[in-house]
Enquirer: 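Let me begin by handing over the structure; questions about it come next.
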Amino acid sequence: MLNRSRVVSPVSSAPAALHAGLDASWRRCQHDYGLDPASPTLPDVLSGAELRQCSQQVGRLLHFAGPEMDRLHGLLEPGGYTVMLSNASGVVVMHRAERSIQRGCRRWHLWPGAIWNERSVGTNGIGTCLAEQRGTSVHRNQHWRSGLHGLTCIAMPVYDASGRLAGALNASAFHVTAENSTMNALVSSSLLQAARQIEQACFMDVYRNHAIMLLGMADATSTPMLALDQDRRVVGATHAARQHMGIATAQEIHMCLLDNATGPVTAAPLREAQIMAIDTALACARGKVAVAARMLGISRSTLHRKIRNLAGTPSAKRA
């Protein structure tokens, strides 16, 4: 039976952005999953063989996550945090912890093989981050299950080179007694940068023989990047770039971002992507249209036509 006296809104003094989605998570725990908040159940843990299989499925992402995990551990260990990386199902596949807290990590199942998905464990850093696909912070009694009230967890989603949600990067502590907004901001920022670095490394590895184009600033944990082949056709895009251009996750891409067409571009996502591409090329070329055109793989006259067709936009005015 659900203890309905526990079904209240999770209140916190931490930044609202970190706690966005906790109300929705609690509703899922109550109405969709039917979880008993009074249950002391800790996450299930996979066998060694099952964990190896999960790790193999994650693939090259583990290779690129390793250095970021080491960096995070060095930065966050003084605050008593352990760092974990899960796959898209919430299974912890990589872990970093100081020797002095490893016993506590095992006790709380902050360890490789632990399954921290929201459906079985309730509101928690990894599971809720994956369910919401955004950064999440869950402090002590914000966890749905009362047995997890001793934990503080902050997590960020990690995306692979095809724009798919690959897992969550998490920092957890089991002896934090009061919420510290300054520490939360530091941990969140560190996880955010690490998640971006992992995605970028994976993307540049997959498309290492291609030209890489950056479309503006990073959006949350994903950086908007495109991969272009020798004919300057777009063949790859990160999660943020796909969202911006209206391309489905993992959808195969083979499109021309800038071609010889003289007509105006009506599709807003493509128009914005073209504006960003032209802005980036002109900035790198220090305003020289001929140089920018070579970088984009088109003729100077085509670039001039593109700029005219985008008349009225900030890019066209700057050009």
Side-chain angles (χ1 to χ4, degrees), residues 1-45 81-93 108-111 114-159 164-174 176 178-181 183-185 187-189 191-192 195 219-222 239 243 249:
M1 292 289 292
L2 285 175
N3 182 352
R4 297 189 181 278
S5 64
R6 273 270 292 115
V7 183
V8 296
S9 179
V11 178
S12 172
S13 60
L18 279 179
H19 294 289
L22 291 189
D23 285 332
S25 175
W26 276 38
R27 287 193 295 270
R28 287 192 295 269
C29 291
Q30 180 185 10
H31 300 297
D32 298 343
Y33 312 147
L35 298 178
D36 181 0
S39 170
T41 305
L42 285 170
D44 292 331
V45 180
Y81 283 86
T82 181
V83 182
M84 300 182 292
L85 175 71
S86 82
N87 67 5
S89 299
V91 178
V92 177
V93 293
W108 284 101
H109 292 191
L110 303 175
W111 205 258
I115 308 171
W116 284 94
N117 65 68
E118 187 184 74
R119 179 172 291 276
S120 58
V121 187
T123 305
N124 71 90
I126 289 175
T128 302
C129 170
L130 294 172
E132 294 285 328
Q133 294 196 30
R134 56 179 164 181
T136 301
S137 174
V138 186
H139 180 71
R140 296 179 66 82
N141 62 3
Q142 291 171 339
H143 288 86
W144 174 256
R145 290 193 185 275
S146 58
L148 300 177
H149 285 184
L151 295 177
T152 287
C153 308
I154 301 175
M156 290 289 168
V158 178
Y159 298 93
R164 290 172 295 203
L165 181 65
L169 198 56
N170 171 269
S172 293
F174 50 83
V176 178
E179 192 167 21
N180 184 322
S181 59
M183 189 63 185
N184 277 5
V187 175
S188 176
S189 176
L191 291 172
L192 179 66
D219 177 20
T221 56
S222 179
H239 175 75
Q243 283 196 316
T249 298

Enquirer: Determine the minimum heavy-atom distance between Ala155 and Gly125, stating which atoms define it.
Expert: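 Of all heavy-atom pairs spanning Ala155 and Gly125, the closest is CB-O, 3.4 Å.
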Enquirer: Where is the tightest heavy-atom contact between Asn124 and Val138, given as atom of each residue plus distance?
Expert: C-CG2, 3.7 Å
Enquirer: So Leu35 and Gln30, side chain to side chain contact (heavy atoms under 4.5 Å, CB included) or not? Walk me through it.
Expert: CA-CA 6 Å; Leu35 298 178; Gln30 180 185 10; over 6 Å; no
Enquirer: Within the distance-only criterion (no hydrogens, no angle test), does the side chain of Thr128 pair as donor or acceptor with the backbone N or O of Ser25 below 3.5 angstrom?
Expert: no
Enquirer: Under 30°, 30 to 60°, or over 60°: which ring-plane class applies to Trp144 and Trp26, parallel, tilted or perpendicular?
Expert: perpendicular
Enquirer: Between atom CG of Leu165 and atom CD of Gln133, what is the distance when rounded to the nearest 0.5 Å?
Expert: 4.5 Å
Enquirer: Taking all heavy atoms of Pro157 and all of Ala195, pick out the closest pair and write down the distance.
Expert: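 So the minimum-distance heavy-atom pair works out to O-CB, 3.6 Å.
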Enquirer: List for me each residue that meets side-chain contact (heavy atoms from CB on, under 4.5 Å) alongside Ala168, sequence neighbours excluded, and say none if there are none.
Expert: Ser86, Ile126, Cys129, Leu130
Enquirer: Does the Asn170 side chain pair with the main chain of Met84, one donor and one acceptor, at a distance under 3.5 Å?
Expert: no
Enquirer: Name all residues meeting the side chain to side chain donor-acceptor pair (under 3.5 Å) criterion together with Ser189; count only those two or more places apart in sequence or in a different chain, and write none if there are none.
Expert: none
Enquirer: When rounded to the nearest 0.5 angstrom, what is the spacing between CG in Leu42 and CG in Leu110?
Expert: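 It is 9.0 Å, given to the nearest 0.5 Å.
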Enquirer: Roughly how far, to the nearest 0.5 Å, is CZ of Arg134 from CE of Met156?
Expert: 11.5 Å
Enquirer: Just do the side chain to side chain contact (heavy atoms under 4.5 Å, CB included) check on Ser120 and Asp44 with the steps written out, would you?
Expert: CA-CA 9 Å; Ser120 58; Asp44 292 331; 5.9 Å; no
Enquirer: The test is side chain to side chain contact (heavy atoms under 4.5 Å, CB included); show your working for Trp111 and Val45 and say whether it passes.
Expert: CA-CA 9 Å; Trp111 205 258; Val45 180; over 6 Å; no
Enquirer: How would you list, by chain and number, every residue that makes a side-chain contact (heavy atoms from CB on, under 4.5 Å) with Arg119, sequence neighbours excluded?
Expert: Tyr33, Asn117
Enquirer: Step by step, would you call Leu22 with Thr123 a side chain to side chain contact (heavy atoms under 4.5 Å, CB included)?
Expert: CA-CA 7 Å; Leu22 291 189; Thr123 305; 3.9 Å; yes
Enquirer: Quick one: closest heavy-atom pair of Trp108 and Trp116, and the distance?
Expert: O-CZ2, 3.5 Å
Enquirer: Decide side chain to side chain donor-acceptor pair (under 3.5 Å) for Arg145 and Ser39; before the verdict, give the C-alpha distance in whole Å, the side-chain angles of both, and the deciding distance to 0.1 Å.
Expert: CA-CA 6 Å; Arg145 290 193 185 275; Ser39 170; 3.1 Å; yes
Enquirer: Quick check against the 3.5 Å criterion: does His143 have a side-chain atom that pairs as donor or acceptor with the backbone of Gly122?
Expert: no
Enquirer: Working to the nearest 0.5 angstrom, can you tell me the gap between Arg140 CZ and Leu148 CG?
Expert: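 Interatomic distance, Arg140 CZ to Leu148 CG, rounded to 0.5 Å: 12.0 Å.
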Enquirer: Using side-chain contact (heavy atoms from CB on, under 4.5 Å) as the criterion, list what pairs up with Ala131, not counting sequence neighbours.
Expert: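 By the side-chain contact (heavy atoms from CB on, under 4.5 Å) rule, Ala131 matches Arg28, Glu118.
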Enquirer: Between atom CD1 of Ile154 and atom OG of Ser172, what is the distance when rounded to the nearest 0.5 Å?
Expert: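 Going from the CD1 atom of Ile154 to the OG atom of Ser172 covers 8.5 Å.
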Enquirer: Between His109 (side chain) and Pro43 (backbone), is there a donor-acceptor pair under 3.5 Å?
Expert: yes
Enquirer: Could you state the interatomic distance from CE (Met183) to OG1 (Thr152), rounded to the nearest 0.5 Å?
Expert: 10.5 Å
